[in-house]
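Everything on this sheet refers to the single structure shown next.
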Amino acid sequence: MRIYLVIIDETEEARVALRFASRRAAKTGGAVHLLSVIEPEPFVAFGGIAATIEQEARDRAEVLLTSLASAIVAEGGRMPEISVQQGEAVKVVRDHLTAHTEVAALVLGAARDGEPGALVTHFTGPGLGSLPCPLMIIPGGLAEDEIDRLS
């Protein structure tokens, strides 16, 4: 089964990538895996404060992933696998791909305006040649009907 890995955050480009991946998975009999990365907090003098901030970020990510997963199921798709991991985003994604060899494609969304985003920038630059799977970059400016037609 084809697994499409989508990195989810609160940006519009993540939602564009998710729509493409979920539609593509439905059409190919595949599945979607949603991964949210919580970047570590910079040093805080009081460890308890940093732990609270990180737990709140994890809780927000889990709520976001759960709601997006429910939307996929409501549209007739399969329940996606969801996971939240903490660390530097590029390393977390690389480690995830290494550990999950069943992933058929990494699906990222590029920002509609300005820079494409840190993950897109990394994986289309020096990180591209060492990816263990294809990379799909979905332009952030695509409308839903365009995404549906292309997926």
Side-chain angles (χ1 to χ4, degrees), residues 2-28 30-44 50 52-98 100 103-151:
R2 292 181 184 179
I3 305 292
Y4 297 91
L5 176 63
V6 183
I7 312 307
I8 297 294
D9 56 20
E10 296 173 339
T11 62
E12 186 57 35
E13 55 264 26
R15 288 187 177 38
V16 168
L18 176 58
R19 181 161 186 98
F20 180 89
S22 62
R23 303 287 292 187
R24 189 79 190 130
K27 289 178 181 178
T28 63
V32 176
H33 186 139
L34 308 178
L35 173 62
S36 183
V37 179
I38 300 170
E39 295 276 345
E41 286 297 311
F43 177 76
V44 177
T52 300
I53 292 169
E54 289 172 358
Q55 185 59 50
E56 288 173 354
R58 177 175 288 282
D59 292 345
R60 274 193 320 275
E62 288 174 354
V63 166
L64 175 63
L65 291 176
T66 301
S67 96
L68 293 172
S70 297
I72 291 171
V73 172
E75 289 187 19
R78 288 181 195 212
M79 181 65 171
E81 185 176 334
I82 61 173
S83 53
V84 178
Q85 296 181 23
Q86 184 172 354
E88 190 272 319
V90 169
K91 182 175 180 349
V92 168
V93 171
R94 282 199 173 283
D95 290 350
H96 188 87
L97 291 170
T98 299
H100 294 86
V103 172
L106 171 60
V107 183
L108 300 174
R112 174 187 302 255
D113 299 312
E115 296 295 319
L119 290 174
V120 172
T121 299
H122 174 79
F123 287 116
T124 57
L128 181 60
S130 61
L131 274 175
C133 65
L135 171 65
M136 296 178 170
I137 301 173
I138 313 307
L142 291 177
E144 284 187 5
D145 62 328
E146 294 171 310
I147 294 169
D148 295 348
R149 180 179 58 80
L150 293 170
S151 62

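Quick caveat, the model's predicted, so the values are computed rather than measured.
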Query raised in the report: With sequence neighbours excluded, what pairs up with A89 under the side chain to side chain contact (heavy atoms under 4.5 Å, CB included) test?
Result: V37, E39, L119
Query - Gap between atom CG of L68 and atom CZ of R19 - 0.5 Å precision - result: 12.5 Å
Report task. Taking side-chain hydrogen bond (donor to acceptor under 3.5 Å, both in side chains) as the test, write out the residues that go with D95, two or more places apart. Result -> K91
Query raised in the report: Can you name the residues that form a side-chain hydrogen bond (donor to acceptor under 3.5 Å, both in side chains) with R23, not counting sequence neighbours?
Result: D148
Query raised in the report: Which pair of non-hydrogen atoms, one from V16 and one from I138, has the smallest distance, and what is that distance?
Result: CG1-CG2, 3.3 Å
Query raised in the report: Residues two or more places apart in sequence or in another chain: which of them pass side-chain hydrogen bond (donor to acceptor under 3.5 Å, both in side chains) with E62?
Result: none
Query - Smallest separation among heavy atoms of T28 and R2, with atom names - result: CG2-NH1, 3.8 Å
Query - Contact summary for A21 and Y4, nearest pair of heavy atoms - result: CB-CB, 4.0 Å
Query raised in the report: Atom CG in L5, atom CG in L35: separation rounded to 0.5 Å?
Result: 5.5 Å
Report task. Please identify each residue that fulfils side chain to side chain contact (heavy atoms under 4.5 Å, CB included) with A110, with sequence neighbours left out. Result -> P116, I137
Please list, one pair per line, the donor and acceptor atoms closer than 3.5 Å that link side chains of residues 124-135 to other protein atoms, with sequence neighbours excluded.
| unit_1 | atom_1 | unit_2 | atom_2 | d |
| --- | --- | --- | --- | --- |
| T124 | OG1 | V120 | O | 2.6 |
| T124 | OG1 | T121 | O | 3.4 |
| S130 | OG | R94 | NH1 | 3.3 |
| S130 | OG | R94 | NH2 | 3.0 |
| S130 | OG | G127 | O | 3.4 |

Query raised in the report: Considering residues at least two apart in sequence or located in another chain, which fulfil the side chain to side chain contact (heavy atoms under 4.5 Å, CB included) criterion with R60?
Result: E10, E56, A57
Query raised in the report: Of all heavy-atom pairs between H33 and I82, which one has the smallest distance, and what is that distance?
Result: NE2-C, 4.3 Å
Requested in this report: List the atom of S36, the atom of L65, and the distance in Å for their closest heavy-atom pair.
Outcome: CB-CD1, 3.7 Å
Query raised in the report: With sequence neighbours excluded, what pairs up with S70 under the side-chain hydrogen bond (donor to acceptor under 3.5 Å, both in side chains) test?
Result: none
Report task. Identify the residue among T98, V103, L97 that makes a side chain to side chain contact (heavy atoms under 4.5 Å, CB included) with H100. Result -> V103
Query raised in the report: Side-chain contact, heavy-atom cut-off 4.5 Å: V107 with V32?
Result: no
Query raised in the report: Which pair of non-hydrogen atoms, one from A31 and one from R78, has the smallest distance, and what is that distance?
Result: CB-CD, 4.4 Å
Query - I7 side chain near L106 side chain, heavy-atom distance below 4.5 Å - result: yes
**Report entry** Residues which pass side chain to side chain contact (heavy atoms under 4.5 Å, CB included) with E146, listed by chain and number, not counting sequence neighbours
**Finding:** L142, A143
Query raised in the report: When rounded to the nearest 0.5 angstrom, what is the spacing between CD1 in I38 and CG in D9?
Result: 12.0 Å
Query raised in the report: Is there any ring pair (Phe, Tyr, Trp, His ring centres under 6.0 Å) pair reaching into residues 122-151, and which pairs are they, with sequence neighbours excluded?
Result: none
